Amino acid sequence: MSRKIKIEDILDNCLERLFKGESIEDCLRDYPWQASELEPLLKTSLALLQKSAAIQPNPEFRAKVGSQLQGMLHAKREKAEEKAVGPIWRRRWAVAMSTVLVVLLAGIGTVAASADALPDGSLYAVKLAMEQARIALAFSDTDRAELHIQFAERRATEIAEMACQGESGEIPALSEQVADHLDKVYEVEEAQEFEGGGPKILAPTPAPVPGPSGRVWDDTGGGEPEEKLKTMLGESRARSLSVLQAALTKTPEGAKASLEQAIRDVEQDYDEALSNLGN
Amino acid sequence: MSIDEKEVVSRAIKGDGEAFAQLYEEYFDKVYRYIYLRLREKAEVEDLAQEVFVKALEAIGSYRWRNLPFASWLFRIARNHMIDHLRKAGKVEKIDWDDNIAHVEGPNPARIAEQRLEIEELRDNVEKLSPAQRAVISLRFGGELSVDEVAKVLGKSPGTVKALQHSGIVSLKKIMLVDR
């Protein structure tokens, strides 16, 4: 029995050496007392090894499977990335839920007090978080666009207030935020158009129907939200620029240049947004 | 498993396409040969080899090298898949040899014909072994696995695998002598 185990071990050791390219003679030299038994087994093994090595898949088939697997890997990776980011509604709910946590932790009173907070105030972050939550939870794209217009105007008002206090340091960042909100009005409107099933078809416009008070109502449906946004944007522009112009008289000399630059920027941003909506 | 292979496998687990391609390059032919020694029909061999790698790709995220060498893990998939296939098919057909031999350099029809015969003979001889010997021989020579790796695929001890390897080679020697 012990001799049999030994030959099994020796055979395995020699096989490993054959796999690595050593010759039968090399092995036999190390086991002379087993050579007669070992030699025919190693010759059989070598024949087996050589014949097995001759079995090869068709190169075209091999390449085809390789590219199929790469395609699967690519799809798998894309799926994983999509899963990591999550659909947009999930991200929006994540923002909203985080805000609920902020509200719970900070308290409802704090949230109410944050409404008038300015960028240098401790509650300003709460104010911004609440705005993000409202945007995330908006029922429709139009509601979301309206909120962006509303918050752009808030930032403009904050620019005016900061300038009046002589705090010009925050003004450029606030101007950027006005631009960001106004850009999003256009993005939301564009997405709505895209999701609506492609380009709008220009149908013959029916005659306007006079409303109960004599006001003319557009009952065509198509284009109404866009018109509404345009109107809102125009009104917001007027109010924002009015507040900013009014602030010029109350602003200390040291902050005036920043405010004047902000007025130019904000005016341009509103005009661009109106122009984009008009296209 | 070498340190390099551990590193490649770790990257493949994380979804690195290049790493998986390296493993494919390393193991595809071995898996193919292993399956080839157990089945006859070329289309079956190709389908199974392909399916083994698709399964491996799907499952690699859950592979942990600590308890099982990668080669053993992969060949376990191959073996289980082949057993399922054989159970379902239940019939064995003659193989088409044309696309399954090594590409001999230069136009040498005599060598190609000779090689075909040798491979056919090998396949027939392996088929005459007992199922346990056949399992060990096809994994050891077709899959080029070590005794320890074969033991992990089959769930046997290395001692048992060595014994089956020895008895399998002794049987093949006798079979080959009778054939001559």
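Keep in mind that this is a model prediction, so the values were computed, not measured. Naming: A, B, ... by sequence-line order, numbering from 1 per chain. In what follows, every heavy atom counts, from backbone to side chain, and hydrogens, waters and symmetry copies are set aside.
Top candidate by heavy-atom pairs under 4.5 Å with chain A, chosen from B/Ile137, B/Asp16, B/Val126, B/Val54, is B/Val54.
Side chain of A/Lys76 to backbone of B/Leu57: a donor-acceptor contact under 3.5 angstrom is found. A donor-acceptor contact shorter than 3.5 Å is absent between the side chain of A/Glu8 and the backbone of B/Gly159.
Put simply, CZ on A/Phe61 and OH on B/Tyr32 are 7.0 Å apart, with the number rounded to the nearest 0.5 Å. Within the model, atoms CD1 of B/Ile169 and CG of A/Leu42 stand 8.0 Å from one another, a figure rounded to the nearest 0.5 Å. In this structure, NZ on B/Lys174 lies 11.5 Å from OG1 on A/Thr44, to the nearest 0.5 angstrom.
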Open item on the list: Between B/Glu25 and A/Arg62, is the salt bridge (Lys or Arg N to Asp or Glu O under 4.0 Å) condition met? List the steps.
Closed with: CA-CA 9 Å; B/Glu25 286 298 316; A/Arg62 194 180 192 283; 3.3 Å; yes
TODO: Might you work through the side-chain contact (heavy atoms from CB on, under 4.5 Å) test for B/Lys162 and A/Leu11, ending with a clear yes or no?
DONE: CA-CA 9 Å; B/Lys162 278 183 192 174; A/Leu11 176 63; over 6 Å; no
Open item on the list: Using side-chain contact (heavy atoms from CB on, under 4.5 Å), reason through A/Val65 and B/Glu46 one step at a time and then give a plain yes or no.
Closed with: CA-CA 9 Å; A/Val65 176; B/Glu46 289 191 342; over 6 Å; no
TODO: May I have the step-by-step check of side-chain contact (heavy atoms from CB on, under 4.5 Å) for B/Leu37 and A/Ile55, ending in yes or no?
DONE: CA-CA 9 Å; B/Leu37 286 174; A/Ile55 301 166; 4.0 Å; yes
Open item on the list: side-chain contact (heavy atoms from CB on, under 4.5 Å) for A/Phe19 and B/Ser146? Distances and angles first, verdict last.
Closed with: CA-CA 10 Å; A/Phe19 283 140; B/Ser146 69; over 6 Å; no
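Open room surrounds NZ on B/Lys156; 12 or fewer heavy atoms of other groups in view lie less than 6.0 Å from it. Counting heavy atoms of neighbouring residues, nucleotides and ligands inside a 6.0 Å radius, atom CD of A/Glu176 does not exceed 12 of them.
Heavy atoms closer than 4.5 Å to chain A are found in both the backbone and the side chain of B/Glu58. Only the side chain of B/Phe28 comes within less than 4.5 Å of a heavy atom in chain A; its backbone stays farther off. The part of A/Gln68 that comes within reach of chain B is its side chain, from C-beta onward, which places non-hydrogen atoms under 4.5 angstrom from that chain. Proximity to chain A (any heavy atom under 4.5 Å) is shown, for B/Ser138, by neither the backbone nor the side chain.
The two residues A/Ala53 and B/Arg33 have their closest heavy-atom pair at O-NH2, 3.8 Å. Nearest approach of B/Gly17 to A/Gln70, heavy atoms of both residues: O-NE2, 3.3 Å.
In this structure, the side chains of A/Lys51 and B/Glu121 come closer than 4.5 Å at one or more pairs of heavy atoms. Within the 4.5 Å cutoff, the side chain of A/Leu15 has heavy atoms near those of the B/Gln165 side chain. Within the 4.5 Å cutoff, the side chain of A/Pro57 has no heavy atoms near those of the B/Tyr36 side chain.
Under the 4.0 Å criterion applied to side-chain N and carboxylate O atoms, A/Glu16 and B/Arg140 are assigned as salt-bridge partners.
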